[in-house]
Amino acid sequence: MIKSKFGPLGTVAGMVVLTAAIPLLFVIYSSGQLSAEKWAGLWSSRLPMLLGNTLYLATLVSIGSLVLGISSAWLIARREFTGRGLALWLMVLPLTIPTYVFAHIYTSLFEEQGWLGRVWRALFGEAIAIPDLYNVFGAAWILSLASFSYVFLLAHAALIHSNRALEEAARIQGATPLQVFWRVTLPLLRPALAAGLAVVVLHVLSDFGAVSMLRYQTFTLSIYLQMSGRFDYQGAAGLSLVLVMLSLTFLAMERFFRTRQRYYAGAQGAIIKPKRAQPWEQVWIWLWLGSVLLFAFALPLWWMLELSWTAWQNGALGERFWGYVFNSLLVAFCAASAAMLVALPIGLFHVRRPTWLSGGFMNLSSVGFVLPGPVIALGIITFMLAALPVLYGGLAALVAALVVRFLPLAVQAEEAAMQQLTPSVEQAGRVHGAGPLENLWRVTLPMIRGGLVVAWVLVFIDVLKELPATLILRPIGFDTLPVRIWIEASEEMLELAAPAALMLVVASLPALWILMRGKKGR
């Protein structure tokens with residue numbers, strides 16, 4: 001009975017989840033070494049403040065990402081206007097900029113002599129102080145700009161494949177366009193929005209770069225300081241365990257409300273033709289999209305271009321710099337490909353057999369994303385020294401940590417695509433004599449190809465930007481672009497940090513081209 005419920009697919013998914021849970025096992029073991037007095041000290045002093053700060057920040061970023069992502073996705077998916085294809089590309093480009101680069105750029109721009117600081121003074125004089133980013137609202141603004149594209153990507157994919165008949169039926173019954181959006185379109189987007197929101201919240205809970213730059217105390221920053229400043233690994237593990245429980249609670253609630261209702265796109269998956277926007281509508285569309293793009297990409301890009309030009313003139317971009325570029329691309333390609341493959345059995349097992357076991361696998365696969373990078377690195381180091389010492393200090397350890405770190409991105413994107421896969425289509429393949437593997441290869445994978453592409457691209461881009469785990473696990477002499485950005489920025493050598501940040505954007509463009517080509521093909 002147990003074997004029939006679990007099956008080969010569940011066995012493979014379980015093996016993947018067990019491997020991804022290695023850092024969690026390290027956290028549980030290390031936190032178990034904490035005495036009752038230390039636990040009481042954490043609960044009485046730091047945990048209430050960290051819980052409040054982290055939840056407040058996650059709530060603000062969720063609201064900001066939903067507003068920016070849904071509005072932009074709806075305008076681009078449902079309105080035909082001049083420059084629509086370009087706008088689709090530009091909306092995903094903020095994903096190429098790390099949060100610590102966003103934070104550093106905007107703290108520089110909002111200084112008295114920065115571009116935005118001078119504009120603010122010209123508009124408001126001394127009457128209104130220049131915005132201070134070193135607080136929860138500054139951190140939420142930075143993280144919303146960096147994260148809303150996750151919601152945009154999944155919402156846009158769902159909008160262009162949503163059920164046309166339901167919306168037309170609502171219009172025939174006399175519903176206004178706004179009523180159709182709130183009562184038909186938005187509810188149909190729940191799976192995609194839930195997946196995008198889960199990715200955003202997990203990013204916020206695990207973010208290190210922006211909160212450290214803005215000195216806003218969250219779990220991740222406190223864990224890092226506990227490890228690097230006090231060398232208290234047990235205390236850091238205790239904080240990490242609380243962070244994991246918080247994240248798993250959120251994921252369980254999100255999945256409970258999402259799975260209460262299922263939505264299928266249909267076998268044909270007809271794409272809704274966008275309505276041609278009137279000239280006055282195009283003005284308002286570009287005012288909104290242009291405002292979002294100005295702060296999410298245009299200003300950071302201009303900052304990087306200006307300082308990169310200075311570095312180029314000074315001859316700072318030599319052979320070593322291009323070696324950093326190659327290292328980053330190599331690690332990102334390997335980690336993205338591995339994550340896309342190992343996420344497949346987890347998503348398939350949960351969609352085909354939605355039980356408490358498959359739901360538990362989904363939640364456990366997200367553990368690596370809510371653990372801080374240094375904790376994941378220490379967990380991987382501990383495991384490799386004990387079981388696979390030959391791999392310690394090599395590229396395999398770094399790739400393994402990054403796969404664990406960003407596996408939730410692949411799982412969420414692939415499972416969102418699988419949830420819109422009509423069960424009757426797969427059953428038809430089995431009826432016509434296809435075995436499980438043939439049915440997977442010839443029916444399931446082609447129909448979820450878009451989700452696979454999104455999964456690969458999202459992991460690739462995030463691995464390109466990852467910093468803390470790379471700092472610890474990179475082989476000797478193996479620097480990547482994020483490592484160089486961190487080193488140069490910490491030494492206030494901005495003209496050397498800007499070219500590396502710009503190359504992260506350039507290196508991500510081929511991955512985004514693959515993503516957009518996949519959207520066009522579907």
Heavy-atom check, side chain of Pro23 versus side chain of Val404, under 4.5 Å: yes
Here the pair of heavy atoms bringing Ser71 nearest to Trp288 is OG-NE1, 3.0 Å
Can a donor-acceptor pair be found between the side chains of Asn327 and Thr480 at a distance below 3.5 Å? no
Is a donor on one side and an acceptor on the other found under 3.5 Å between the side chain of Glu466 and the backbone of Thr470? yes
Give the intermediate values and the outcome of side-chain contact (heavy atoms from CB on, under 4.5 Å) for residues Ser206 and Phe219. CA-CA 8 Å; Ser206 62; Phe219 272 102; over 6 Å; no
Identify the heavy atoms of Ile380 and Ala397 that sit nearest to each other, and give their distance. CG2-O, 3.9 Å
Kindly say whether Leu143 contributes a backbone atom to a donor-acceptor pair with the side chain of Thr99 at under 3.5 angstrom? no
side-chain contact (heavy atoms from CB on, under 4.5 Å) evaluation trace for Ser212 with Tyr100: CA-CA 8 Å; Ser212 63; Tyr100 49 87; 5.8 Å; no
So, Ser147 side chain and Ser144 main chain: donor-acceptor pair closer than 3.5 Å or not? no
Go through the steps for Leu289 and Ser72 under the test side-chain contact (heavy atoms from CB on, under 4.5 Å), then give the verdict. CA-CA 7 Å; Leu289 297 181; Ser72 303; 3.9 Å; yes
Using the ring pair (Phe, Tyr, Trp, His ring centres under 6.0 Å) rule, take Phe26 and Phe383 through it: C-alpha gap first, then chi angles, then the decisive distance, then the call. CA-CA 8 Å; Phe26 167 78; Phe383 172 77; over 10 Å; no
If only atom types and distance count, is the side chain of Ser328 paired as donor or acceptor with the main-chain N or O of Leu481 below 3.5 Å? yes
Sequence neighbours excluded, the answer for side-chain contact (heavy atoms from CB on, under 4.5 Å) partners of Val331 is Leu395, Leu398, Leu402, Val463, Phe478
Check: Thr220 side chain, Leu205 main-chain N or O, donor-acceptor pair, under 3.5 Å: yes
Please name the residue in the list Leu202, Val457, Val459, Ile461 that meets the side chain to side chain contact (heavy atoms under 4.5 Å, CB included) test with Leu409. Val459
Without swapping roles, check the side chain of Lys465 against the backbone of Leu504 for a donor-acceptor pair under 3.5 Å. no
Minimum-distance pair of heavy atoms, taken over all atoms of Trp286 and Gly83: CZ2-O, 3.5 Å
Quick check on the 6.0 Å ring-centre criterion: do Phe333 and Phe460 meet it? no
Would you please name every residue forming a ring pair (Phe, Tyr, Trp, His ring centres under 6.0 Å) with Phe295, sequence neighbours left out? Trp141
Locate the shortest heavy-atom distance separating Ala140 from Leu60; write the atom from each residue and the value. CB-CB, 3.7 Å
Of the options Thr54, Leu55, Val211, Val61, which is the one that meets Val204 in a side chain to side chain contact (heavy atoms under 4.5 Å, CB included)? Val61
Please identify each residue that fulfils side-chain contact (heavy atoms from CB on, under 4.5 Å) with Trp322, with sequence neighbours left out. Val325, Met503
